[in-house]
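What follows is one structure encoded as structure tokens, with my remarks underneath.
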Amino acid sequence: MKELNMVEPEEKDASGKQVPSRALHIVGPDKKIKLSFLYPASTGRNMEEVVRVLDSLQRAMKHKIATPCDWKPGEAVVISPSVSNEQAKEMFPQGFKAADLPSKKDYLRFTHVD
């Protein structure tokens, strides 16, 4: 593990050896890293959050959307601003709703995806 730099530099076990870090890497179908977390050995991982992030990444790759903070499957997602309203009507036949912004611009649009 030391050769791969996968140890915590300051964390040591009772015998004085470095302990492994807790790394999480999510690799996409294009074989590129989409997400990388490095947790200290003293910090546990929340598997519900890992699954939530994976769900979000998969939907974003498939639908040109982003997920809001604390999003959970089944809740509304944000349509990418790069998608025109005409494209959005084709891509999201179930419909979408634009947020009522002070600027009156309709780039913040919400919809639901599977």
Side-chain angles (χ1 to χ4, degrees):
M1 294 240 216
K2 192 171 186 177
E3 297 82 20
L4 298 174
N5 198 28
M6 295 176 64
V7 293
E8 282 290 321
E10 298 176 20
E11 297 280 336
K12 298 189 181 351
D13 66 14
S15 66
K17 293 182 182 177
Q18 290 178 309
V19 296
S21 62
R22 296 179 177 185
L24 169 68
H25 305 288
I26 296 179
V27 180
D30 58 359
K31 301 196 179 3
K32 293 183 180 178
I33 293 177
K34 301 299 180 186
L35 182 72
S36 184
F37 282 121
L38 181 60
Y39 297 87
S42 61
T43 303
R45 289 168 282 195
N46 180 329
M47 292 311 293
E48 287 180 19
E49 176 65 3
V50 170
V51 171
R52 185 191 79 83
V53 169
L54 184 57
D55 283 343
S56 171
L57 288 169
Q58 288 174 334
R59 283 172 172 80
M61 284 188 274
K62 182 177 179 183
H63 297 289
K64 290 191 176 181
I65 55 94
T67 55
C69 176
D70 296 327
W71 169 87
K72 297 208 176 15
E75 295 179 348
V77 297
V78 178
I79 300 170
S80 173
S82 67
V83 175
S84 70
N85 280 338
E86 293 75 33
Q87 291 171 313
K89 288 174 186 172
E90 291 178 25
M91 294 170 68
F92 306 103
Q94 70 277 23
F96 59 89
K97 182 178 180 182
D100 185 19
L101 301 173
S103 68
K104 301 301 179 199
K105 294 183 179 180
D106 61 355
Y107 65 87
L108 184 57
R109 299 157 299 169
F110 295 90
T111 191
H112 287 83
V113 295
D114 293 328

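Taking 4.5 Å as the limit, every side-chain heavy atom of Lys97 sits out of range of all side-chain heavy atoms of Thr111. Looking at heavy atoms from C-beta onward, Lys34 lies in side-chain contact with Met61 at the 4.5 angstrom threshold. For the pair Ile79 and Phe110, the minimum side-chain heavy-atom distance is 4.5 Å or more. Between Leu108 and Asp106 the shortest side-chain heavy-atom distance does not fall below 4.5 Å. A 4.5 Å side-chain heavy-atom check between His112 and Val77 finds every atom pair outside the cut-off. Contact check for Lys64 versus Met91: side-chain heavy atoms found under the 4.5 Å cut-off. Using a 4.5 Å heavy-atom cutoff, the side chains of Val50 and Phe37 are not in contact.
A donor-acceptor pair under 3.5 Å is formed between the side chain of Arg52 and the backbone N or O of Trp71.
Here Asp100 pairs with Lys104 under the side chain to side chain donor-acceptor pair (under 3.5 Å) rule; sequence neighbours left out. Listed by chain and residue number, Ser80 satisfy the side chain to side chain donor-acceptor pair (under 3.5 Å) test with Ser82 (two or more places apart in sequence, or in another chain). For Arg59, the side chain to side chain donor-acceptor pair (under 3.5 Å) criterion is met by no residue, not counting sequence neighbours. Under the rule for a side chain to side chain donor-acceptor pair (under 3.5 Å), Asp55 has no partner lying at least two apart in sequence or in another chain.
Closest heavy-atom contact between Val113 and Gln94: CG1-NE2, 4.3 Å. Nearest heavy-atom pair across Ser84 and Gln87 is N-OE1, 2.8 Å. Between Pro68 and Val78, the closest heavy-atom pair is CG-CG2, 4.2 Å.
Counting heavy atoms of neighbouring residues, nucleotides and ligands inside a 6.0 Å radius, atom CG of Asp30 exceeds 12 of them. Counting non-hydrogen atoms of neighbouring residues, nucleotides and ligands closer than 6.0 angstrom, the NZ atom of Lys12 exceeds 12 such neighbours. More than 12 non-hydrogen atoms from other residues, nucleotides or ligands lie less than 6.0 angstrom from CD of Glu49. Summarising the local packing, CG of Asp70 is surrounded by 12 or fewer heavy atoms from other residues, nucleotides or ligands at distances under 6.0 Å.
Grouping Ile, Leu, Val, Met, Phe, Trp and Tyr by side-chain contacts under 4.5 Å, direct or through others, leaves Val51 on its own. Ile33 belongs to a hydrophobic cluster with Val27, counting contacts under 4.5 Å between side-chain heavy atoms of Ile, Leu, Val, Met, Phe, Trp and Tyr, direct or through other members.
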Assess whether side chain to side chain contact (heavy atoms under 4.5 Å, CB included) is satisfied between Arg109 and Val83, documenting all intermediate values.
CA-CA 10 Å; Arg109 299 157 299 169; Val83 175; 4.2 Å; yes

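Between Lys72 and Glu75, no side-chain nitrogen of the basic residue sits less than 4.0 Å from a carboxylate oxygen of the acidic one, so the salt-bridge criterion is not met.
Going from atom CD of Gln58 over to atom CG of Asp114 covers 13.0 Å, rounded to the nearest 0.5 Å. Note that CG of Leu35 is 9.0 Å distant from CG of Leu54, once rounded to the nearest 0.5 Å.
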